[in-house]
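In what follows, a structure is listed as structure tokens, so that the remarks can point back to it.
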Amino acid sequence: MNDVNNVNTRISDTIQSSYGPPRPGSFNPTEDLGEPGGFPFTRGIYADMYRGRLWTMRQYAGFGTAEDTNRRFRYLLDAGQTGLSVAFDLPTQMGLDSDDPLAVGEVGRVGVAIDTLDDLDTLFDGIPLDRVSTSMTINSTAAILLALYVALADERGIARDRLSGTVQNDILKEFVARGTYIYPVEPSLRLVTDVISFCGSDVPRWNSISISGYHMREAGATAAQELAFTLANAREYVRRALASGLDIETFGPRLSFFFAAHNDLFEEVAKFRAARRMWARLMAGEFGASEGNCRLRFHTQTAGSTLTAQQPLNNVVRVAVQALAAVLGGTQSLHTNGYDEALALPTASAARLALRTQQVIAEESGVTATADPLGGSYYVEALTSELEAAALAYLAKIEELGGAGEAIGFMVEEIHMAAYRHQLEVESGERRIVGVNAYRESDTAPDLETPAFQERESTQKNRLARARARRDDAVVRRCLAVVGEAATGVDNLMPPIIEAVRARATVGEISGVLRRRWGSYQPS
């Protein structure tokens, strides 16, 4: 697997019936493994791993209005969750206000609707921002949502250096796989860099970007593609940040990653181990980062695309296997999906069971007793090296094309072909999925409570109307004009966006200013 024409072969197609010691010269334990907490961090980024501190247990939540989601947040925190993870609805992700004609039918449907600072205040009502870590899955409008969070902390008298969390802010994977892009590539990348710079100076405990393979994997990418395309995007972001004058030793430690955990337990463990090794060598070799700045820290979410509407209780087992893979692979943060998510938004009981799955692994399984418990396994080490070789071939091809910013079409096509092959395997029965094409039953799916979205959309529109009526429109217009001027200049956009949201400018109004200045992305 030393060129991109060969990496379309599934790793599972090359697996041997048994494994022994690697051939001489093919594997160097000192250089390829090291010790846990030591370069190249194959075995984990900390010497004691979970003996020192467990991973952060998050549950991705957000639906309907800010009040609805606030209740779910409080429920999960009371159940033992240790970090919040916010899902935003599609209009918020696309920079549309809840009363925009294009938002009809989507308000609050796949996440919480956020239009103004007042909405965010309600979302985090009673939740101490300086004592909870908050992850926000938001990309095109990441700068605006981070500005809202910072402005809310300012209004509550919380110092910015006390805030901790992550804003996804990974626009390249939106172009490649997820589709919630707004602006063309170049201004979008400028906005990413502005957020990285702002966090380094004003919000030092905040992870300014979460470079995400998860959504590419959900779109059909293989493990090798997820690994390669994520690191290719990360390399592009680092290059852009350096070109803007930022210091790798300042912003590097706040880069974070986001991967999927699928059903092939050993392949997933190997993928996480290969990711750390590849990133450490890339940061040290290409960018000259110090050893301590070469650690790849990552969040994991179990794979939504593996959940089945047929026999949904089977998903409990899938999620447990995937969560175990993430822990064995050394994740720093983990979200486990609810078993009913193939049917509707997760019910409270399903979300609690998903959290309990993590807690059972942490407290009862014994896998947290030592760092990298699968390290040294002939099979795991061989898989780690195979995935690394396959991903490196992809990285070389992307470099030939001019880097991730120029290779979007290539990555899109590779993922589409991988997804197509997967579907053919399922339809032919070559890939067996319990309850779908194997061990099928005639039972229908259970009835689940579905939120009243139309009622909640109306509630959100009324809230937005009241917010507009209370604000000083003249101040809002001045703030939006400053945002527009900054968009065509070189100054960081975060300070004027913060002033705009503080004046109660809406997410849609700020996005609209940037659209008029930059235009919209048109995929070729």
Side-chain angles (χ1 to χ4, degrees), residues 61-72 86-125 136-149 151-152 155 174 178-183 191 345 450-484 487 496-521:
F63 56 93
T65 64
E67 290 95 342
D68 298 326
T69 305
N70 177 263
R71 284 192 290 271
R72 178 60 63 88
V86 187
F88 298 96
D89 70 357
L90 282 176
T92 304
Q93 295 180 49
M94 298 295 293
L96 301 172
D97 286 331
S98 296
D99 59 358
D100 191 295
L102 293 176
V104 171
E106 291 294 343
V107 176
R109 185 168 287 275
V110 297
V112 61
I114 298 294
D115 293 308
T116 70
L117 185 56
D118 296 332
D119 291 333
L120 206 73
D121 189 20
T122 302
L123 180 65
F124 290 101
D125 182 41
M136 297 192 286
T137 301
I138 198 77
N139 296 284
S140 292
T141 54
I144 304 172
L145 270 297
L146 177 59
L148 286 165
Y149 198 85
L152 180 60
E155 291 195 351
E174 297 295 326
R178 192 161 176 267
T180 63
Y181 44 72
I182 301 176
Y183 321 112
L191 202 52
L345 291 168
T450 303
F453 288 110
Q454 287 183 326
E455 179 182 331
R456 287 169 173 168
E457 182 169 324
S458 177
T459 298
Q460 183 63 21
K461 287 180 178 179
N462 290 336
R463 179 205 298 274
L464 177 56
R466 291 193 300 270
R468 286 200 175 109
R470 289 193 302 266
R471 71 188 188 180
D472 187 328
D473 285 338
V475 173
V476 171
R477 285 194 297 271
R478 286 197 297 271
C479 289
L480 292 175
V482 173
V483 171
I497 291 176
I498 291 172
E499 289 305 311
V501 300
R502 185 177 287 126
R504 272 46 183 184
T506 69
V507 171
E509 288 167 342
I510 297 170
S511 298
V513 169
L514 298 179
R515 272 192 183 92
R516 289 189 288 276
R517 296 287 179 145
W518 292 341
S520 299
Y521 178 69

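Residues: numbered from 1 along the sequence shown. Note that the structure is a prediction, hence the values are computed from the model and not measured.
Between R502 and L117, the shortest heavy-atom contact is CA-CD2, 4.2 Å. Closest non-hydrogen pair, V476 versus A503, comes out as CG2-O, 3.3 Å. Considering all non-hydrogen atoms of both residues, A66 and L123 come closest at CB-N, 3.7 Å. Between S140 and Y181, the shortest heavy-atom distance links the atoms OG-CA, 3.2 Å. The two residues I498 and V501 make their nearest non-hydrogen contact at O-CG2, 3.2 Å. Closest approach of P496 and V483 over heavy atoms only: O-CG2, 3.6 Å.
In this structure, the separation between CZ on R516 and OG on S511 is 10.0 Å, given to the nearest 0.5 Å. Atoms CZ and CD, from R463 and E67 in turn, are 4.0 Å apart once rounded to the nearest 0.5 Å. Taken to the nearest 0.5 Å, the CZ atom of R478 stands 11.0 Å off from the CG atom of L480. Rounded to the nearest 0.5 Å, atoms CG (L148) and CG (L120) are 5.5 Å apart. Taking CG from D97 and OG1 from T506, the interatomic distance works out to 3.5 Å, rounded to the nearest 0.5 Å. Rounded to the nearest 0.5 angstrom, I182 CD1 and Y521 OH are separated by 14.0 Å.
Comment: D99 engages R468 in a salt bridge, judged by a side-chain N to carboxylate O separation of less than 4.0 angstrom. Taking the charged nitrogens against the carboxylate oxygens, R470 and D118 do have a contact shorter than 4.0 Å, which makes a salt bridge.
Without hydrogens or angle criteria, N70 side chain to D125 main chain gives a donor-acceptor distance under 3.5 Å. Under a 3.5 Å cut-off, the side chain of D119 and the backbone N or O of T116 do form a donor-acceptor pair. Between the side chain of T92 and the backbone N or O of I114, at least one donor-acceptor pair lies under 3.5 Å.
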**Message:** Run N139 and R178 through side chain to side chain contact (heavy atoms under 4.5 Å, CB included) and show every step you take.
**Reply:** CA-CA 10 Å; N139 296 284; R178 192 161 176 267; 3.8 Å; yes
**Residues D89, R109; criterion side chain to side chain contact (heavy atoms under 4.5 Å, CB included); working and verdict** = CA-CA 6 Å; D89 70 357; R109 185 168 287 275; 5.9 Å; no
**Message:** One pair to check against side chain to side chain contact (heavy atoms under 4.5 Å, CB included): R456 and D68. What are the steps and the verdict?
**Reply:** CA-CA 9 Å; R456 287 169 173 168; D68 298 326; 3.0 Å; yes
**Request:** For side chain to side chain contact (heavy atoms under 4.5 Å, CB included), just list the numbers for E457 and Q460, CA-CA rounded to whole Å, side-chain angles, deciding distance to a tenth of an Å, and then say yes or no.
**Result:** CA-CA 5 Å; E457 182 169 324; Q460 183 63 21; 5.8 Å; no
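Remark: R72 pairs with no residue by the side chain to side chain donor-acceptor pair (under 3.5 Å) rule, at least two apart or across chains. Partners of E155 under the side chain to side chain donor-acceptor pair (under 3.5 Å) rule, at least two apart in sequence or in another chain, are R504.
Side-chain contact check for T180 versus F88: every heavy-atom pair is 4.5 Å or farther apart.
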